[in-house]
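Below is one structure; the comments refer to it alone.
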Amino acid sequence: MNSLFRGFEKKLISLVQTNIFYHTPRTPKDTKSEIHGHADSWFVERFGIRARSSTLICTTNFEQARSYGYTYKINPIEPISIIYSPLVKDFLEHELELASDSQSDVWTWLEGKDFKMVRSVKDIEPDLLGEVMVHCEHYSAVPH
């Protein structure tokens, strides 16, 4: 079974955390706003969730999480939805693969990545090593 990890810039004070993006969408840090918006629109149409804006972005790859700072094992508190692609290690791969920033190119790229939505961490493909978008309001974070 997979575990979810996330790196944080600072150590967390409490084990139970609130997903700060659940009600107030994140502003993209490393992705162009236009691509971010097109991707969110696609995820809303496909899964009903602004997956790039309102989720807690985690990974099943401990080393990937560690590159972002203090590493925690993430345990989402229900209700949850988990969106991932077995073909995407990190969403930033789009930078090398997109023909343009247009909505049609972003949506075509996303369509080709076989994104899935599951309701439990145990339902994530066991050999997945990559980004996982977790839609939950609260989660526990255990230092790892």
Next item on the list: Take atom NZ of Lys116 as the centre, draw a 6.0 Å sphere, and report whether it contains more than 12 heavy atoms from other residues, nucleotides or ligands.
Entry: yes
Next item on the list: Following the transitive rule for hydrophobic clusters with a side-chain heavy-atom cut-off under 4.5 Å over Ile, Leu, Val, Met, Phe, Trp and Tyr, establish whether Phe47 and Trp107 coincide in one cluster.
Entry: yes
Check: How many angstroms lie between atom SG of Cys58 and atom CD of Gln64, to the nearest 0.5 angstrom?
Finding: 10.5 Å
Next item on the list: Measure the shortest side-chain to side-chain distance between Ile124 and Leu4 over non-hydrogen atoms and say whether it is less than 4.5 angstrom.
Entry: yes
Item checked: Flag side-chain contact, heavy atom, 4.5 Å: Glu137 against Asn19 -> no
Note to self: To the nearest 0.5 Å, what is the distance between NE2 on His144 and CZ on Phe62?
What the structure shows: 5.0 Å
Checklist line | Minimum-distance pair of heavy atoms, taken over all atoms of Leu15 and Pro143 | finding: CD2-CD, 4.0 Å
Notebook entry, point to check: Going hydrophobic residue to hydrophobic residue with side-chain gaps under 4.5 angstrom, can you get from Val118 over to Val134?
Noted result: yes
Check: Hydrophobic clusters join Ile, Leu, Val, Met, Phe, Trp and Tyr when side-chain heavy atoms are under 4.5 Å apart, directly or via other members; which others share one with Tyr68?
Finding: none
Margin query: Side chains of Leu56 and Ile74, heavy atoms from C-beta outward: is any pair under 4.5 Å?
Written below: yes
Next item on the list: Can you run down the salt bridge (Lys or Arg N to Asp or Glu O under 4.0 Å) pairs that involve residues 8-24, sequence neighbours left out, and say none if there aren't any?
Entry: Glu9-Lys29
Item checked: Glu45 side chain vs Trp42 backbone, donor-acceptor pair below 3.5 Å -> no
Note to self: Looking at Asp105 and Ser100, would you say the former's side chain and the latter's main chain have a donor-acceptor pair under 3.5 Å?
What the structure shows: yes
Notebook entry, point to check: Taking Asn2 for the side chain and Glu125 for the main chain, is one N or O donor matched with an acceptor at less than 3.5 Å?
Noted result: yes
Margin query: Checking the side chain of Arg26 only, and the main-chain atoms of Arg52 only, is there a donor and an acceptor separated by less than 3.5 Å?
Written below: yes
Note to self: Any salt bridge linking Arg119 with Glu78? Criterion: basic side-chain nitrogen under 4.0 Å from a carboxylate oxygen.
What the structure shows: no
Note to self: Hydrophobic cluster membership, with links at side-chain heavy-atom distances under 4.5 Å among I/L/V/M/F/W/Y: are Phe5 and Ile82 in one?
What the structure shows: no
Note to self: Could you walk me through whether Asp101 and Val106 satisfy the side chain to side chain contact (heavy atoms under 4.5 Å, CB included) test, starting with their C-alpha distance in whole Å, then the side-chain angles of each, then the deciding distance to 0.1 Å, before giving a yes or no?
What the structure shows: CA-CA 7 Å; Asp101 297 352; Val106 172; 5.7 Å; no
Next item on the list: Kindly indicate whether the side chain of Leu12, heavy atoms from C-beta on, has any atom under 4.5 Å from the side chain of Tyr70.
Entry: no
Check: Distance-only, no hydrogens or angles: does the Asn61 side chain make a donor-acceptor pair with backbone N or O of Leu129 under 3.5 Å?
Finding: no
Notebook entry, point to check: Between Lys113 and Glu97, is any pair of side-chain heavy atoms under 4.5 Å apart?
Noted result: yes
Item checked: Heavy-atom side-chain contact between Leu110 and Phe43 under 4.5 Å -> yes
Note to self: Taking the six-membered ring of Phe8 as reference, does the cationic atom of Arg6 (NZ for Lys, CZ for Arg) lie under 6.0 Å from its centre and within 45° of its axis?
What the structure shows: yes
Note to self: When you compare the side chain of Arg46 with that of Ile83, does any pair of heavy atoms fall below 4.5 Å?
What the structure shows: no
Margin query: Using modelled atom types and a 3.5 Å cut-off, is there a donor and acceptor pairing between side-chain atoms of Thr27 and backbone atoms of Pro25?
Written below: no
Check: What ring-ring contact (aromatic ring centres under 6.0 Å, His included) pairs are there with at least one residue in residues 78-106, not counting sequence neighbours?
Finding: Phe91-His94, Phe91-Trp109
Checklist line | Shared hydrophobic cluster for Val121 and Ile57 (ILVMFWY, side-chain gaps under 4.5 Å) | finding: no
Next item on the list: Measure the spacing between CD1 of Ile35 and CG of Leu92 and express it to the nearest 0.5 Å.
Entry: 10.0 Å
Margin query: Are Met133 and Leu128 connected into the same hydrophobic cluster when the rule is that any two of I, L, V, M, F, W, Y join if their side-chain heavy atoms are below 4.5 Å apart?
Written below: no
Item checked: Euclidean distance, Arg66 CZ relative to Thr59 OG1, rounded to 0.5 Å -> 13.0 Å
Next item on the list: To the nearest 0.5 angstrom, please state how far the NE2 atom of His36 sits from the CG atom of Asp30.
Entry: 11.5 Å
Item checked: Lys/Arg-Asp/Glu bridge criterion (N-O < 4.0 Å) met for Glu63, Lys89 -> no
Notebook entry, point to check: Backbone N or O of Val16 within a donor-acceptor pair of the Ser14 side chain at under 3.5 Å?
Noted result: yes
Next item on the list: Quick one: pull up NE2 in His38 and OG in Ser33 and give me the separation to the nearest 0.5 Å.
Entry: 10.5 Å
Checklist line | Contact check, side chains of Ser54 and Tyr22, non-hydrogen atoms, under 4.5 Å | finding: no
